Visitor: 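First the structure, which I've put down as structure tokens, then a few questions once you've had a look.
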Amino acid sequence: MSRQLRRRCADAARRVLAAWQRFREFGFHSEREARGLALLKSWLSPEQLAQYRQYRHFDVTGCHSGKRYRIRYGVSMNVCELDSLGRPLVGRCFVPKDNLVAGDVMLAQKIALETNERGVLLVAKTFSPRWRTIHTEV
Amino acid sequence: MATQIIMDYSGDSRHEFNPADAAALLEAEQRFNALMREGYTAAVRSPTGDPTVIRKFDPKAEETLFVPRFVGG
């Protein structure tokens, strides 16, 4: 392979990598998704916001049991009860009945667990969490 | 100005009103009651920032968020 071709390949790889990093940093959201995320961020506590910015998930404490739950970016099967070591124990699937964007769904789940944990767990379905490397996913 | 935020397909719909305006306040209360009848949950933020669910219209709330009813996924 000629030196010129290698240099062009390296330049292209750098551009792709830079684009991927921009995508990871800022995300690629439609206007409605961006509105939902802005609303979510305005309601998160400073600790939850920092956690979300780093991992795209945040933890909440159930108002009745004191259990910890992790809410991951998504619109379904994105809530997991954590054990005392912060590992996923059981998935809890509950979603608003309307078709909402991810930010709205996550905010609704946070409010439900922090204000009406028992009520929302009554309607939630359980699932086996298969989240891989849950602390570092972005 | 106070704001009522309703989660919906577009992200959210916002209704701003002046709490000092009696007509606007009445309209906001009617909207609140209608959404409650539809099964929405209304939440406001406490001074510490924690969400608090309210069941009656709070004319002093600066921001009220309406969340649709939950179903099992």
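As the structure is a computational prediction, the values presented were derived from the model and not from experiment.
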Visitor: If you check both backbone and side chains, which donor-acceptor pairs between chain A and chain B fall under 3.5 Å?
Guide:
unit_1    : atom_1 : unit_2   : atom_2 : d
Arg32(A)  : NE     : Tyr9(B)  : O      : 2.6
Arg32(A)  : NH2    : Tyr9(B)  : O      : 2.8
Arg35(A)  : NE     : Ser10(B) : O      : 3.3
Arg35(A)  : NH2    : Asp12(B) : O      : 2.3
Arg35(A)  : NH2    : Asp12(B) : OD1    : 3.0
Ser42(A)  : O      : Arg45(B) : NH1    : 2.3
Trp43(A)  : NE1    : Glu63(B) : OE1    : 3.0
Cys93(A)  : O      : Gly73(B) : N      : 3.0
Val95(A)  : N      : Val71(B) : O      : 2.9
Val95(A)  : O      : Val71(B) : N      : 2.8
Lys97(A)  : N      : Arg69(B) : O      : 2.7
Asp98(A)  : OD2    : Tyr40(B) : OH     : 3.3
Val123(A) : O      : Gly72(B) : N      : 3.4

Visitor: Decide whether Phe17(B) and Leu26(B) are clustered together by the hydrophobic rule: side chain heavy atoms of Ile, Leu, Val, Met, Phe, Trp, Tyr closer than 4.5 Å, transitively.
Guide: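 Different clusters: Phe17(B) never reaches Leu26(B) through Ile, Leu, Val, Met, Phe, Trp or Tyr contacts under 4.5 Å.
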Visitor: Linking I/L/V/M/F/W/Y whenever their side-chain heavy atoms sit closer than 4.5 Å, directly or via other members, would Phe32(B) and Ile111(A) fall into one cluster?
Guide: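 In one cluster: no.
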Visitor: Are Leu35(B) and Leu25(B) in one and the same hydrophobic cluster, where Ile, Leu, Val, Met, Phe, Trp and Tyr link if side-chain heavy atoms are under 4.5 Å apart?
Guide: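 As far as the 4.5 Å side-chain criterion goes, Leu25(B) and Leu35(B) are connected within one cluster.
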Visitor: For the hydrophobic clusters of this structure (ILVMFWY residues joined by side-chain heavy atoms under 4.5 Å, transitively), does one cluster hold both Leu49(A) and Met106(A)?
Guide: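 Looking at the clustering, Met106(A) is in the same group as Leu49(A).
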Visitor: Examine whether an atom of Val95(A) lies under 4.5 Å from a heavy atom of chain B, and if so say whether it belongs to the side chain, the backbone or both; otherwise answer neither.
Guide: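 Both the backbone and the side chain of Val95(A) come within 4.5 Å of chain B.
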Visitor: Between Val101(A), Leu107(A), Val75(A), Leu44(A), which has the largest tally of heavy atom pairs under 4.5 Å with chain B?
Guide: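 Of the candidates given, the most pairs with chain B belong to Leu107(A).
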Visitor: Under the side chain to side chain contact (heavy atoms under 4.5 Å, CB included) test, which residues partner Ala108(A), sequence neighbours left out?
Guide: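 Side chain to side chain contact (heavy atoms under 4.5 Å, CB included) check on Ala108(A) returns Pro96(A), Met7(B), Val67(B), Phe70(B).
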Visitor: Going only through I, L, V, M, F, W and Y residues with side-chain contacts under 4.5 Å, is there a path from Leu100(A) to Ile6(B)?
Guide: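 Leu100(A) and Ile6(B): separate clusters.
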